[in-house]
2 protein chains.
Amino acid sequence: MTGDVTARAASIRDVARRAEVSHQTVSRVLNNHPSIRPETKQRVLDAIEELGYRPNRAARMLVTSRSRTIGILSSSRTQYGPAASIQAIEVAARASGYSVVTSNLLTTDEGAILAEVDHLVDQAVEGIVVIAPQVRVLDVLSSLALRVPYVTLQMTDRVITHALSFDQIAGARMATQHLIDLGHRRIYHLAGPQDWIEAEARMKGFLQAMSDNDVPTTAPILGDWTADFGYRAGVELLRYRDFTAIFSSNDQMALGLMHAVRDAGLDCPRDVSIVGFDDIPEARHFSPPLTTVRQDFPELGRRAVALLLAQLDGSEDYRETIVPELIVRGTTAAPAF
Amino acid sequence: MTGDVTARAASIRDVARRAEVSHQTVSRVLNNHPSIRPETKQRVLDAIEELGYRPNRAARMLVTSRSRTIGILSSSRTQYGPAASIQAIEVAARASGYSVVTSNLLTTDEGAILAEVDHLVDQAVEGIVVIAPQVRVLDVLSSLALRVPYVTLQMTDRVITHALSFDQIAGARMATQHLIDLGHRRIYHLAGPQDWIEAEARMKGFLQAMSDNDVPTTAPILGDWTADFGYRAGVELLRYRDFTAIFSSNDQMALGLMHAVRDAGLDCPRDVSIVGFDDIPEARHFSPPLTTVRQDFPELGRRAVALLLAQLDGSEDYRETIVPELIVRGTTAAPAF
DNA sequence: ACGAACCATGTGCACGGTCACATGACCGCG
DNA sequence: CGCGGTCATGTGACCGTGCACATGGTTCGT
């Protein structure tokens with residue numbers, strides 16, 4: 001019927017033979033070259049259809065040395081933010097005719113980073129989106145003199161050529177200002193890991209808001225993004241109770257904090273107000289629903305791809321920023337007394 | 001220094017010239033063929049090092065028609081389970097020298113499924129791991145007579161050649177039995193979407209446990225896995241309060257249920273016991289900490305890759321099962337009645 | 001001592017596309 | 001009417017690798 005199952009797949013020359021044209025004409029049809037008679041084109045298309053021909057990526061890649069693939073270098077992909085970004089990037093890339101390969105950064109030592117970048121380079125990616133937001137990842141990357149362009153999803157003060165992000169500083173400032181506006185003066189900040197750019201930016205926003213309002217502040221507590229850590233930190237902090245509010249730099253840690261508050265026999269928001277960051281889908285169902293800062297991850301992913309593809313076409317550098325939004329729910333209230 | 005930046009990358013022949021051997025000898029070194037004099041091998045390795053040579057994947061792929069790539073067909077990757085599985089699969093695949101490309105299934109209509117499978121086939125994947133657990137995805141897949149092997153991460157009664165999964169039925173039975181053992185007799189089941197295999201299996205486990213213990217049961221409620229749905233379903237159910245416990249087929253919906261219980265002025269577990277499924281990292285910090293069924297996703301990912309690679313090497317069919325574990329926390333107690 | 005078997009290596013082609021160039025038909029214009 | 005230019009198509013080389021086969025040297029068994 002359709003021929004020997006074990007036979008090789010049809011090639012461009014098989015199609016050519018069937019359509020009674022040269023292989024080059026077939027190639028022209030595939031790349032829709034202008035100078036093709038409509039009639040010839042149709043004959044070729046028919047032949048393609050009949051043979052079930054599929055262009056061979058490897059061959060095309062070999063001769064053009066273009067892979068039409070972009071790489072994602074990411075860590076913590078089980079977390080909501082990165083996962084949502086990755087999904088959005090893949091969809092957007094596909095829509096532009098690009099494929100996506102991902103690399104998981106499980107640790108951030110230089111060897112691991114190099115290995116993952118190598119892997120992406122081996123795949124001949126034409127560009128890289130970096131979602132692994134640790135500072136050292138970016139440092140290593142910029143020291144690498146990569147011959148492929150890359151964009152990061154994180155923003156920072158450091159000079160990064162192609163950055164793109166939510167304005168995390170603004171988001172953190174909004175969250176903090178919200179607490180201050182409610183009347184809180186003793187506010188702790190539960191930050192992310194020290195070397196994370198997001199953590200740095202959110203901390204910066206927190207400190208800005210505090211000093212803008214002349215509220216004295218203490219050193220932020222450095223966490224690891226997990227609910228477990230938030231819980232332990234909360235238990236520790238509540239031994240002194242020298243605060244009325246906490247700004248947590250993500251929702252998971254906020255959840256852990258809420259757990260600790262409960263365990264201490266206290267009530268959130270009556271005794272302690274808590275603000276998170278991210279607005280994961282579950283945040284509105286926490287007990288009580290969490291006040292937090294929403295980030296539009298899908299939009300971020302889309303823009304990342306647009307930015308990267310613009311670079312591939314040799315456009316100029318630029319940074320772009322998306323402003324996040326404060327979602328007020330049930331974990332914040334005026335301080336008790 | 002290292003030559004013209006715009007020049008092409010070194011090829012196997014450049015290495016050969018430098019090492020004063022034939023290109024084929026270089027190829028042998030790369031594929032560590034046994035018959036190479038150690039001294040020659042070293043000369044080649046030195047040349048590779050000096051030139052910074054990297055094998056060209058496309059060329060290798062073209063001539064061997066092996067891509068050393070496996071594909072992941074997945075939906076809902078922002079959810080914890082799929083995300084954790086994907087990450088584990090990538091790590092395991094890489095360890096075996098395979099690359100990974102993923103395809104996102106945003107809808108489950110046949111066209112979308114075909115498009116995504118096409119995309120994977122275009123990438124010349126040698127095998128596919130299916131994490132999109134809707135029944136119709138598997139139906140379409142099996143009707144497709146794919147020429148590449150695939151494994152699914154879901155288990156079902158249907159005959160799927162290469163399946164691998166947690167024994168979801170057993171997990172659901174454990175959860176239900178736990179509620180029954182506590183003394184509950186009026187138990188609702190908040191299931192996943194009707195066409196999800198996991199949902200089906202968990203429902204089956206629930207029903208088995210109920211009938212094994214001669215507990216009468218009502219029709220399960222079909223949800224969509226989200227906390228939002230759990231909340232709405234909870235609000236609805238609580239208008240009648242004709243139950244003392246709910247088994248939710250995932251943790252997110254359980255969270256929504258807990259929210260609804262709270263909103264109704266009731267207490268979990270005093271008034272309503274709730275069991276979830278998955279044990280997402282946040283579950284232990286819910287209010288109160290959630291009793292749930294743990295699945296070891298990383299292990300599942302690893303086994304999926306092992307199974308797939310075994311098939312690529314032409315091993316025999318088999319199914320494999322991992323038994324989940326019940327984690328009892330604070331959302332379950334004996335009924336108050 | 002001689003052929004078989006094996007070792008270490010080399011030669012040429014094939015994989016399936018694209019690119020540069022060639023070709024012939026047709027058109028318009030001076 | 002001849003000549004340059006565009007259109008539609010064909011020809012051959014080439015991308016970087018692995019494979020089949022060839023080659024010359026060495027070892028081994030009888």
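Throughout, protein chains are lettered first and strands after them, A, B, ... in sequence-line order, and every chain is numbered starting at 1.
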Next item on the list: Could you check whether A/Thr40 gets within reach of a base, just the sugar-phosphate, or nothing at all, counting any heavy atom under 4.0 Å?
Entry: sugar-phosphate
Next item on the list: Please check if any side-chain donor atom of A/Arg57 sits under 3.5 Å from a side-chain acceptor atom of A/Ser67, or the reverse.
Entry: no
Margin query: What I want to find out is whether A/Arg136 reaches A/Asp139 closely enough, with some N-O distance under 4.0 Å, to be called a salt bridge.
Written below: no
Item checked: Ion pair check, A/Arg66 and A/Glu126, cut-off under 4.0 Å -> yes
Check: Reading nucleotides 10-23 of chain C 5' to 3', which nucleotides get B (base under 4.0 Å from a protein heavy atom), which S (sugar-phosphate only), which -?
Finding: BBBB-BBBBBB---
Notebook entry, point to check: If you measure only the distance, is there a donor-acceptor pair under 3.5 Å linking the side chains of A/Thr69 and A/Gln123?
Noted result: no
Checklist line | Atom-pair distance (CZ on B/Arg57; C1' on D/dT17), nearest Å | finding: 13 Å
Next item on the list: Indicate yes or no: does A/Glu116 engage B/Arg94 in a salt bridge with an N to O separation below 4.0 Å.
Entry: yes
Checklist line | Length of the line joining B/Arg66:CZ and D/dC19:C1', which is rounded to integer Å | finding: 15 Å
Note to self: Are there over 12 heavy-atom neighbours, none belonging to A/Glu20, within less than 6.0 Å of that residue's CD?
What the structure shows: no
Checklist line | Protein-nucleotide distance (B/Gln42, atom CD; C/dA8, atom P), rounded to Å | finding: 16 Å
Note to self: Rounded to whole Å, please give me the gap between NZ in A/Lys41 and C1' in D/dT9.
What the structure shows: 15 Å
